[in-house]
Structure formats: C-alpha cells, structure tokens
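In what follows, a single structure is set out as structure tokens and then discussed.
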Amino acid sequence: MIEFYCRHCGARINGDANHRCPADTPPPALPKIGYSERIRDARFAAYIRHSDQWSFLFAGILAVIAFVGFTLYGAFSDEMDNPQALLIGVGIGSMFLLIAFFQSRGRKRSATWDGTVTEKSIRKKRTDNGTRLEYIVCINQPNGKEHLLSAEDDDTMYASYRVGDAVRHHAGLNTYEKYDKTQDSALFCSACSALCDVYDTYCPYCGCPLLK
C-alpha cells in the first residue's frame, strides 16, 4: 500500500480527509541559505533502515521465484534437467541477494562531503526511438573527485542547479542539498528524491523533513 504524509506536520494520513494539523504548527518556512540541521531528524535514519529492509525483502522474493521457477522448469521441460536448472536458479537468486547486499553496504559506507557544481551540459543520445536529451550536472569534491547527476528528457534537476553552487552530499541517502536554496521554487526530498512544493515542510510521499 502506498503511504502518504501530511506536507505540513509529517503525520501519516493515507487519504484521511479528517486529518488536521496541530494547532501550534508554525507557518511553512521558505528555503534559506545554509545547510539544514533537519538532516539530523530520526526519520532519515528510519528511511535508510527501511530501504535496506525493502531491498532484502524484494531480493529474497525474486530469489525464491528464480529458484522455484528453474526447479519446476528442470522437472517438466525437455530442454533442461535438474540439477542443472536448479543450479541456474540458485545462481540467479544469489545474484539478486548480492545486489541487495552491495546496495546496503554502499549506503552504510557512503560519506557526507561538500562539493561544488562545476559544469552543466546537455547531450543528444540517438536511440531506436529517436533522439533523447540527457541533462548532466557535474559536481566536484575538493579532492578533485567528480560526480555526475543525469536525467533523460527531464530538465527539472538540471534547472535547479547553477554552476558555482555549493552542495552537500548526505551519507546513507546519497542525495545532494544546495547551500543556497533561496531561489528555488520547488525542492527535492533528500530521502526519496520526490519533487515537492517549496512551501511544504515535510515530503508528502515519505514523510521526511524537507531540508530548507
């Protein structure tokens, strides 16, 4: 079931038409200059923890499907017998679990660091269905390491950055926060990356605070 959250107080609502924000809820704050202390909110740690759990759950389901599917295929097909089919199923299932493991490990080993937007570019990509545009933002760490953010046929992320912008990469979330957000008319959630209204206080899709 898809969950939804109040964009002002962060409470889970899931379509509750009778939901009312607390009377003492302050008016929505506009984005400002500086990195937000709201990144310390416990909801971000919970989001990372739940992401790991969902990754392993999804990988486990796929692994079981692969194991059972290839076992049945080997039992009833004339093209492949067991244990060959079973071993293929085990191999594919193990691959799904390894992907989930490395995703979780990558989140745990990622670090928080500050960088600068050094370049923006647009590239044309030719495909069988025609020409697509790839929007690329280049972010450099002080040590010279380069990171590329890209999106195809969607310039929303591209337009939100300017060359020279100072940004912070947040560990575990693997998302970026701009130092100066005063010119933004919309904000990306630093947890689920959903595009939110600039007047929102919490992400309506994952319930995490918006960094502003």
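Excluded from the calculations below are hydrogen atoms, water molecules and symmetry mates; all remaining heavy atoms, backbone and side chain alike, are included. It should be emphasised that the depicted structure is a prediction, and the values quoted were computed from it without experimental measurement.
Within the cation-pi definition used here (under 6.0 Å to the ring centroid, within 45° of the axis), Lys120 qualifies as a partner of Tyr158.
Residues meeting the side chain to side chain contact (heavy atoms under 4.5 Å, CB included) test with Tyr5, sequence neighbours left out: Glu3, Arg12. Residues forming a side-chain hydrogen bond (donor to acceptor under 3.5 Å, both in side chains) with Gln183 (at least two apart in sequence, or on another chain): none. Qualifying salt bridge (Lys or Arg N to Asp or Glu O under 4.0 Å) partners for Asp184, counting only residues two or more places apart in sequence or in other chains: Lys178. Evaluation of the salt bridge (Lys or Arg N to Asp or Glu O under 4.0 Å) rule for Arg168 yields Asp114 as partners, not counting sequence neighbours. Under the rule for a salt bridge (Lys or Arg N to Asp or Glu O under 4.0 Å), Lys212 has no partner lying at least two apart in sequence or in another chain. Applying the side chain to side chain contact (heavy atoms under 4.5 Å, CB included) criterion to Trp113, with sequence neighbours excluded, gives Ile139, Gln141, His147, His169, Tyr176. Every ring-ring contact (aromatic ring centres under 6.0 Å, His included) that Tyr35 has, sequence neighbours left out, goes to Tyr179. For Asp200, the salt bridge (Lys or Arg N to Asp or Glu O under 4.0 Å) test picks out Arg7, with sequence neighbours left out. Remark: Tyr73 engages no residue in a ring-ring contact (aromatic ring centres under 6.0 Å, His included) (not counting sequence neighbours).
Between Leu173 and Phe44, the shortest heavy-atom distance links the atoms CD1-CD2, 3.7 Å. Residues Ala111 and Ala171 approach most closely at C-CB, 3.6 Å, considering heavy atoms. For the pair Cys189 and Cys208, the tightest heavy-atom approach, listed with the atom from each and the gap, is SG-CB, 4.5 Å. The shortest non-hydrogen separation linking Thr127 to Arg132 is CG2-CD, 3.8 Å. The shortest non-hydrogen separation linking Pro31 to Thr182 is O-CG2, 3.8 Å.
The distance from atom OG of Ser190 to atom CG of Leu211, rounded to the nearest 0.5 Å, is 3.5 Å. Atom OG of residue Ser160 and atom CG of residue Asp155 lie 9.5 Å apart, to the nearest 0.5 angstrom. For the atom pair His50 NE2 and Arg43 CZ, the distance stands at 12.0 Å (nearest 0.5 Å). One distance of note links CD1 of Ile92 with CG of Leu97; it measures 12.5 Å at 0.5 Å rounding. If you take CG on Leu57 and CG on Leu62, they are separated by 9.5 Å, rounding to the nearest 0.5 Å. Summarising the geometry, atom CG belonging to Asp41 is positioned 11.0 Å from atom CG belonging to Leu210; distances are rounded to the nearest 0.5 Å.
Under a hydrophobic clustering in which Ile, Leu, Val, Met, Phe, Trp and Tyr are joined whenever their side-chain heavy atoms come within less than 4.5 Å, directly or via other members, Ile61 and Val90 fall into different clusters. Following chains of ILVMFWY side-chain contacts shorter than 4.5 Å, one can reach Ile99 starting from Phe58, so the two form part of one hydrophobic cluster. Under the 4.5 Å side-chain heavy-atom criterion for grouping Ile, Leu, Val, Met, Phe, Trp and Tyr, Ile88 is not connected to Leu72 through any hydrophobic cluster. In the hydrophobic cluster analysis, where Ile, Leu, Val, Met, Phe, Trp and Tyr join through side-chain heavy atoms closer than 4.5 angstrom, Phe67 is grouped together with Phe76. Under a hydrophobic clustering in which Ile, Leu, Val, Met, Phe, Trp and Tyr are joined whenever their side-chain heavy atoms come within less than 4.5 Å, directly or via other members, Val163 and Tyr135 fall into different clusters.
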From CA spacing to verdict: side chain to side chain contact (heavy atoms under 4.5 Å, CB included), Val137, Met157: CA-CA 8 Å; Val137 176; Met157 176 273 298; 3.6 Å; yes
Quick one, Arg162 with Asp165, criterion salt bridge (Lys or Arg N to Asp or Glu O under 4.0 Å). Give me CA distance, side-chain angles, the key distance, then yes/no. CA-CA 6 Å; Arg162 297 182 298 272; Asp165 277 344; 3.6 Å; yes
Any chance you could lay out the side chain to side chain contact (heavy atoms under 4.5 Å, CB included) test for Asn82 and Phe70, step after step, and finish with the verdict? CA-CA 9 Å; Asn82 286 322; Phe70 275 92; over 6 Å; no
Verdict with reasoning, Ser193 to Thr175, per side chain to side chain contact (heavy atoms under 4.5 Å, CB included): CA-CA 8 Å; Ser193 298; Thr175 53; 3.8 Å; yes
Determine, stepwise, if the pair Ser150 / Ile136 fulfils side chain to side chain contact (heavy atoms under 4.5 Å, CB included). CA-CA 4 Å; Ser150 65; Ile136 303 170; 4.2 Å; yes
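Between the side chain of Thr116 and the backbone N or O of Thr118 there is no donor-acceptor pair closer than 3.5 Å. No donor-acceptor pair under 3.5 Å is formed between the side chain of Asp81 and the backbone N or O of Pro83. Counting only distance, with no hydrogens or angles, the side chain of Glu177 and the backbone of Ser36 share a donor-acceptor pair below 3.5 Å. Distance alone, capped at 3.5 Å, is enough to place a donor-acceptor pair between the Ser110 side chain and the Gly172 backbone.
Counting heavy atoms from C-beta on, the side chains of Lys145 and Asn140 never come closer than 4.5 Å. Between Glu134 and Ile122 the shortest side-chain heavy-atom distance does not fall below 4.5 Å. Residues Cys6 and Pro204 form no side-chain contact, since every pair of their non-hydrogen atoms from C-beta on lies 4.5 Å or further apart.
Within the structure, side-chain hydrogen bond (donor to acceptor under 3.5 Å, both in side chains) pairs that include any residue of residues 51-63 comprise Asp52-Ser104, Asp52-Arg107, Asp52-Lys108, Ser55-Arg107 (at least two apart or interchain). Sorted pairs that involve residues 183-212 and meet ring pair (Phe, Tyr, Trp, His ring centres under 6.0 Å), not counting sequence neighbours, are lacking altogether. Residue pairs satisfying the ring pair (Phe, Tyr, Trp, His ring centres under 6.0 Å) criterion with at least one member in residues 77-108, sequence neighbours excluded, are absent.
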